[in-house]
Amino acid sequence: MKNTSTALTRRFAGVAIGLLAALALPFAQALEVGDKAPDFTLQASDGNTYSLSQFVGKQPVVLAFFPAAFTGGCTIQCKAIRDSSDEIKSFDVAYFMASVDTAEKNTEFATEYGLDFPVLADPQKTMTADYGVLSERGFANRWTYYIDVNGVVVKIDKQTNPNTAGQDLADNMADLGFQRRTATASR
């Protein structure tokens, strides 16, 4: 009987350790500059579904993560990006905000604040885990990823300031040498 009890205890301990390791995995695997950005397919506030793969080979992508719609800092961050829209749109880049909120909540948020860019919804937290931005509390960290035309991460801003997020985004794209749109090109 003692051997059976010991075997069960060891088996339970092994399962528990494996489960804890699996739960910690999303938090431990943050992307780094030079990594290939993971593909995603997510619904956005504009009613469209976007994938990173639809832009690879065509244009860079910027993903600005925020914790939750309708919260103070997140609202400030999204409005700052909205307010810098003309400067941001002068670059030939696809840019998105992203959160773990539902598509419905992000659509309501985008409508209320007149956001003129798509807000991606990741309620299953797959993309946020793949990008390593999922916090212990289950929300996205306020990080911005800059991905080049080849799908490679070229910059990660882990110090995103909600108040200056829009101008910072435009400045970073300029510093990275992202191409500007021509006068005849349209979005």
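- Within the model, atoms OG1 of T144 and CG of N172 stand 8.0 Å from one another, a figure rounded to the nearest 0.5 Å.
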Hey, mind stepping through R180 and E87 against salt bridge (Lys or Arg N to Asp or Glu O under 4.0 Å) and telling me if it holds? CA-CA 10 Å; R180 296 218 181 236; E87 178 66 15; 3.3 Å; yes
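- Residues D35 and V152 form no side-chain contact, since every pair of their non-hydrogen atoms from C-beta on lies 4.5 Å or further apart.
- Side-chain contact between F96 and V61: present, with at least one pair of heavy atoms (C-beta onward) separated by less than 4.5 Å.
- The CG atom of N163 sits 11.0 Å away from atom NZ of K79, with the distance rounded to the nearest 0.5 Å.
- Put simply, V149 and V93 are part of two different groups of oily side chains (I, L, V, M, F, W, Y) that touch within less than 4.5 Å, one to the next.
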Pair V154, I147 - check side chain to side chain contact (heavy atoms under 4.5 Å, CB included), show working. CA-CA 6 Å; V154 293; I147 302 165; over 6 Å; no
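- Relative orientation of the F65 and Y131 rings is tilted, given thresholds of 30° and 60° on the angle between their planes.
- The CZ atom of R82 sits 12.0 Å away from the CE atom of M97 when rounded to the nearest 0.5 Å.
- Remark: the backbone N or O of N141 is not paired with any side-chain donor or acceptor of K158 at under 3.5 angstrom.
- Among all heavy-atom pairs drawn from C78 and F109, the shortest one is SG-CE2, 3.5 Å.
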As a quick check of understanding, evaluate side chain to side chain contact (heavy atoms under 4.5 Å, CB included) for T75 and T71, giving each step before the final call. CA-CA 6 Å; T75 300; T71 58; 5.5 Å; no
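- Between V62 and F178 the shortest side-chain heavy-atom distance falls below 4.5 Å.
- A donor-acceptor pair shorter than 3.5 Å can be found between the side chains of S51 and T41.
- Side-chain contact between P123 and V100 is absent, with no heavy atoms from C-beta onward closer than 4.5 Å.
- When all heavy atoms are compared, the tightest approach of L120 to Y50 is CD2-CD1, 4.0 Å.
- Residues I81 and I88 meet the side-chain proximity criterion, which asks for heavy atoms closer than 4.5 Å.
- Annotation: side chain of Y145 is in contact with side chain of V133 (closest heavy-atom distance under 4.5 Å).
- The two atoms that bring A80 and P162 nearest to each other are CB-O, 3.4 Å, heavy atoms only.
- Residue L31 is grouped with residue W143 when hydrophobic side chains (ILVMFWY) are merged at heavy-atom distances under 4.5 angstrom, including chains of intermediate members.
- Linking ILVMFWY side-chain heavy atoms closer than 4.5 Å, directly or via other members, places I156 and F55 in a single hydrophobic cluster.
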Could you please spell out the steps behind the side chain to side chain contact (heavy atoms under 4.5 Å, CB included) verdict for Y146 and V153? CA-CA 6 Å; Y146 298 83; V153 177; over 6 Å; no
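- Y113 and L169 fall within a single hydrophobic cluster, where Ile, Leu, Val, Met, Phe, Trp and Tyr are joined by side-chain heavy atoms under 4.5 Å apart, directly or via other members.
- Applying the 6.0 Å contact sphere to CG of D86 captures no more than 12 heavy atoms from other residues, nucleotides or ligands.
- In this structure, the side chains of D157 and Q159 come closer than 4.5 Å at one or more pairs of heavy atoms.
- At least one test fails for R142 against the ring of F66: distance under 6.0 Å to the centre or angle within 45° of the axis.
- Rounding to the nearest 0.5 angstrom, the gap separating the OG atom in S45 from the CD atom in E104 is 11.5 Å.
- Residues Y95 and F117 bring their aromatic ring centres within 6.0 Å.
- Between N106 and A69, the shortest heavy-atom distance links the atoms OD1-CB, 3.9 Å.
- Q77 contributes atom CD, which lies 9.5 Å from atom OG1 of T164 (distance to the nearest 0.5 angstrom).
- At a threshold of 4.0 Å, the pair K89-D116 counts as salt-bridged, since one of the basic side-chain nitrogens sits closer than that to a carboxylate oxygen.
- In the hydrophobic clustering of this structure, F70 groups with V119; members are Ile, Leu, Val, Met, Phe, Trp, Tyr whose side-chain heavy atoms approach within less than 4.5 Å, directly or through other members.
- Side-chain atoms of D92 and Q179 include no donor-acceptor pair closer than 3.5 Å.
- Residues T102 and A121 come closest through the heavy atom pair C-CB, 3.6 Å.
- Listed here is the closest heavy atom pair of S84 and G166: OG-C, 3.4 Å.
- The CG atom of D39 sits 5.5 Å away from atom CG of L52, with the distance rounded to the nearest 0.5 Å.
- Here the side chains of L176 and K155 are in contact, with some heavy-atom distance below 4.5 Å.
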